[in-house]
There are 2 protein chains.
Amino acid sequence: MPKVGMEPVRRKALVDAALRVIGDHGSLAVTMSDIARQAGVSPALAHHYFGSKEHLLIETIRSLLRQLRSDTVAALKAAQTPRARLSAIIRVNFHADQFAPDTIAAWLAFYAEAQRSEETRRFLVIYARRLRSNLLADLKALLPTDAAERIAEGAAAMIDGLYIRQSLKSAPIGIEASIALTEDYLNALLATTSSSPEGVKAETAAPSSGPAGHLLPQGRRDDHIEPSRDQ
Amino acid sequence: MPKVGMEPVRRKALVDAALRVIGDHGSLAVTMSDIARQAGVSPALAHHYFGSKEHLLIETIRSLLRQLRSDTVAALKAAQTPRARLSAIIRVNFHADQFAPDTIAAWLAFYAEAQRSEETRRFLVIYARRLRSNLLADLKALLPTDAAERIAEGAAAMIDGLYIRQSLKSAPIGIEASIALTEDYLNALLATTSSSPEGVKAETAAPSSGPAGHLLPQGRRDDHIEPSRDQ
DNA sequence: TTTTGTTGATTGATCAGTCAATCAAAAATA
DNA sequence: TATTTTTGATTGACTGATCAATCAACAAAA
């Protein structure tokens with residue numbers, strides 16, 4: 001069996017195994033032995049190729065992000081109008097692969113890990129920015145910038161929230177319902193916002209401090225997905 | 001120093017210490033020694049009172065939930081109209097205590113833990129249901145049931161999403177901005193939904209499968225907060 | 001003297017990471 | 001072509017550290 005050129009094969013097998021084991025176990029507290037066993041190799045080999053458990057985990061989250069990114073690129077290519085692109089972005093994030101229990105569990109585990117690992121956090125920040133930025137780009141074609149920023153933030157939050165709620169399997173919101181909820185949000189805010197450009201009038205009971213635009217961060221480095229940027 | 005009646009004091013000190021250490025460390029992978037040290041006692045004492053690490057952790061999440069619940073009860077008591085109650089619910093969830101970095105980190109850690117621990121999951125499901133149910137009760141006073149259900153689900157998701165995004169400290173959305181975003185969502189959907197009771201018309205590019213109402217779970221046990229129910 | 005609170009010391013298990021050794025393919029040499 | 005050498009792939013066995021959990025013992029109140 002020992003042939004030359006095994007390295008890329010093993011690396012991929014180990015990363016895939018890690019994702020699987022993490023998703024299955026629902027936590028990053030899995031052993032190198034578990035991962036190696038799942039990949040059908042010895043624990044020592046995993047260390048040989050990745051140096052440490054942390055490195056293997058980092059590679060695993062990179063692969064998760066890479067997958068999401070390439071799905072997004074593909075989906076955006078197919079859509080023509082800004083509105084259609086918004087729908088495409090939403091749909092990709094709830095695509096079956098992303099919504100698989102294992103994948104959700106893995107994302108969640110990485111979110112938790114981000115509290116400790118600076119590097120993990122960096123990757124998730126890239127994801128969060130990218131999602132917001134992609135939404136923003138198309139919203140700007142439909143709305144004034146400040147409204148677009150607000151709605152991009154809201155839609156991104158709703159997507160993440162539906163995702164995390166799904167992880168509990170408490171509110172069995174399915175893929176289609178999640179998509180529909182997010183679409184409804186967009187539709188409603190596009191409607192009310194374009195009809196009264198000042199933002200939604202807050203005849204609210206609570207002091208809503210008006211449109212939230214001015215509270216949002218500005219001039220943040222744009223991480224828009226028009227191809228070619230880090231993996 | 002050894003006096004009688006220490007038990008409740010020590011229990012509270014240990015639970016508080018656990019929350020603190022978990023939030024600080026950003027993970028449940030903290031040692032009993034860490035917790036005990038933070039509480040100023042020996043690790044053996046923590047075992048003495050809680051039997052196991054798992055029990056201590058369960059008590060910790062219970063305390064988190066109890067706190068949120070009592071805040072909610074208080075906030076609801078003050079609000080009069082349904083619309084004001086909705087704002088109160090939103091505000092409580094983004095109350096300063098909840099939004100403290102430590103607390104956010106702790107919640108996130110428990111979400112991850114819920115993938116493995118059935119008991120932890122149960123508690124978080126209670127939280128998720130309660131949030132949705134509280135929103136729903138007041139929305140029903142303003143909208144048809146199916147629309148109310150949809151919007152309750154959406155608002156709950158947005159709250160959770162803003163929360164998790166906050167955990168990354170990437171999109172520095174503050175408390176006020178988070179509240180404003182959620183209020184905007186409610187305002188927009190209340191506006192569009194009451195004007196066209198069929199739900200938001202989906203002249204969407206993507207097949208939004210119409211209003212999501214029928215996809216949402218029905219007849220789920222209501223966990224409404226009108227006082228007296230489990231802790 | 002019984003009860004309650006408290007701890008130091010210890011145990012047993014689990015793991016990440018290391019290392020020396022093995023094996024087989026490929027490359028170099030005769 | 002036959003051989004030796006080098007190199008990459010792979011593992012079993014081991015180490016050192018960490019930790020949850022236990023227990024026997026002691027101290028102060030009742």
Side-chain angles (χ1 to χ4, degrees), chain A residues 1-22 24-61 109-110 112-113 115-120, chain B residues 1-22 24-61 109-110 112-113 115-120:
Chain A
M1 209 167 313
K3 259 197 300 203
V4 129
M6 278 291 102
E7 174 154 1
V9 176
R10 294 303 187 205
R11 291 187 89 98
K12 179 168 190 323
L14 283 164
V15 165
D16 289 352
L19 187 59
R20 176 101 182 265
V21 172
I22 290 167
D24 201 57
H25 192 261
S27 142
L28 294 195
V30 295
T31 69
M32 285 297 253
S33 301
D34 291 337
I35 297 172
R37 190 176 323 116
Q38 173 77 34
V41 298
S42 78
L45 194 65
H47 274 100
H48 175 63
Y49 283 127
F50 290 93
S52 74
K53 187 181 170 184
E54 195 186 345
H55 276 44
L56 171 51
L57 261 29
I58 293 285
E59 283 309 310
T60 305
I61 188 175
F110 282 116
E113 176 69 7
Q115 305 290 315
R116 280 180 300 164
S117 156
E118 183 54 38
E119 195 148 15
T120 302
Chain B
M1 215 176 300
K3 261 196 296 202
V4 128
M6 279 290 101
E7 173 153 1
V9 176
R10 294 303 189 206
R11 291 187 89 97
K12 179 167 190 326
L14 282 164
V15 165
D16 289 351
L19 187 60
R20 175 99 184 266
V21 172
I22 289 167
D24 200 56
H25 191 260
S27 143
L28 295 194
V30 296
T31 70
M32 287 295 253
S33 300
D34 290 337
I35 298 172
R37 191 176 323 118
Q38 173 76 33
V41 298
S42 79
L45 195 67
H47 274 100
H48 174 65
Y49 282 126
F50 290 93
S52 73
K53 187 182 170 183
E54 195 184 345
H55 277 45
L56 171 52
L57 260 29
I58 293 285
E59 283 310 311
T60 305
I61 188 174
F110 282 117
E113 176 69 7
Q115 304 290 317
R116 281 180 299 165
S117 156
E118 184 55 36
E119 194 149 14
T120 302

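Here is how names work: the chains are called A, B, and so on, in the same order as the sequence lines, proteins then strands, and each is numbered from 1. Scope of the values below: all heavy atoms of this structure, side chains included, with no hydrogens, waters or symmetry mates.
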TODO: For the pair B:L56 and B:M32, evaluate side-chain contact (heavy atoms from CB on, under 4.5 Å) and give the outcome as yes or no after the intermediate values.
DONE: CA-CA 9 Å; B:L56 171 52; B:M32 287 295 253; 4.0 Å; yes
- [ ] Test side-chain contact (heavy atoms from CB on, under 4.5 Å) on A:I58 and A:F50 and set out the steps.
- [x] CA-CA 10 Å; A:I58 293 285; A:F50 290 93; over 6 Å; no
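For A:Y49, no side-chain nitrogen or oxygen approaches OP1 or OP2 of D:dG8 to under 4.0 Å. A sub-4.0 Å separation between OP1 or OP2 of D:dT10 and a side-chain N or O of A:R10 is present.
Looking at the side chain of A:A44, the nearest of the listed nucleotides D:dA9, C:dT7, D:dG12 is D:dG12. In the set C:dA16, D:dA20, C:dG5, the nucleotide with an atom closest to the side chain of B:T31 is D:dA20. Listed nucleotides C:dT18, D:dA9, C:dT6 differ in distance to A:E7; the shortest reach to its side chain belongs to D:dA9.
Judged purely by atom type and a 3.5 angstrom limit, B:K53 uses its side chain to pair as donor or acceptor with the backbone of B:V30.
Atom C1' of nucleotide D:dT18 and atom CG of B:D34 are separated by 11 Å, given to the nearest angstrom. Remark: C1' of D:dT22 and CG of B:L45 are 14 Å apart, rounded to the nearest angstrom. Remark: P of C:dG17 and CG of A:L14 are 14 Å apart, rounded to the nearest angstrom. Rounded to an integer number of Å, the gap from B:I35 CD1 to D:dC19 C1' is 12 Å. B:F50 places its CZ atom 13 Å from the P atom of C:dT6, with the value rounded to the nearest Å. To the nearest angstrom, P of C:dA20 lies 15 Å from NE2 of A:H48. Whole-Å rounding puts the A:H25 NE2 to C:dT14 P distance at 13 Å. Rounded to an integer number of Å, the gap from NE2 of B:H47 to P of C:dT6 is 17 Å.
Taking for each of B:P8 and A:M32 the nucleotide of DNA chain C with the nearest heavy atom, the 5'-most of the two is the partner of B:P8.
A salt bridge links B:K12 with B:D16: at least one charged nitrogen is closer than 4.0 Å to a carboxylate oxygen.
Across all strands, A:V30 comes closer than 4.0 Å only to sugar-phosphate atoms, never to a base (heavy-atom distances).
For B:R11, the CZ atom counts as densely surrounded, since its 6.0 Å shell holds more than 12 non-hydrogen atoms of other residues, nucleotides or ligands.
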